[in-house]
Amino acid sequence: MGRFLRIKCECGNEQNIFGNAASEVKCLACGKVVAKPKGSRAVVYGKIISVL
Ligand SMILES: [Zn+2]
């Protein structure tokens, strides 16, 4: 899953993240963690809008 995902945070901010992020990804607007690495892929806590 080496792709970019477009996700939406609870706060409404949308941003693109790497599908197998190696580190925590935080929302650029509110700072909430929206994805965490787990094994070789990321666990997304926001809503996945699309796969780019
Ligand atoms: Zn947010």
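This chain uses plain numbering: 1 for the first residue, then up along the sequence. Each ligand, and each atom within it, is numbered from 1 in the order the structure gives.
- Closest non-hydrogen pair, K32 versus C9, comes out as CD-SG, 4.3 Å.
- Under the 4.5 Å side-chain heavy-atom criterion for Ile, Leu, Val, Met, Phe, Trp and Tyr, Y45 and I7 are members of distinct hydrophobic clusters.
- For P37 against A21, the heavy-atom pair with the smallest separation is CB-O, 3.3 Å.
- Hydrophobic clustering of Ile, Leu, Val, Met, Phe, Trp and Tyr side chains at less than 4.5 Å, counting indirect connections, keeps V51 apart from V43.
- At a threshold of 4.5 Å between side-chain heavy atoms, the hydrophobic network of Ile, Leu, Val, Met, Phe, Trp and Tyr places V34 and I48 in one connected group.
- Note on the Zn ion (ligand 1): protein N/O/S atoms under 2.8 Å are C9 SG, C11 SG, C27 SG, C30 SG.
- The minimum heavy-atom distance between L52 and R3, with the atom names listed, is O-CB, 4.2 Å.
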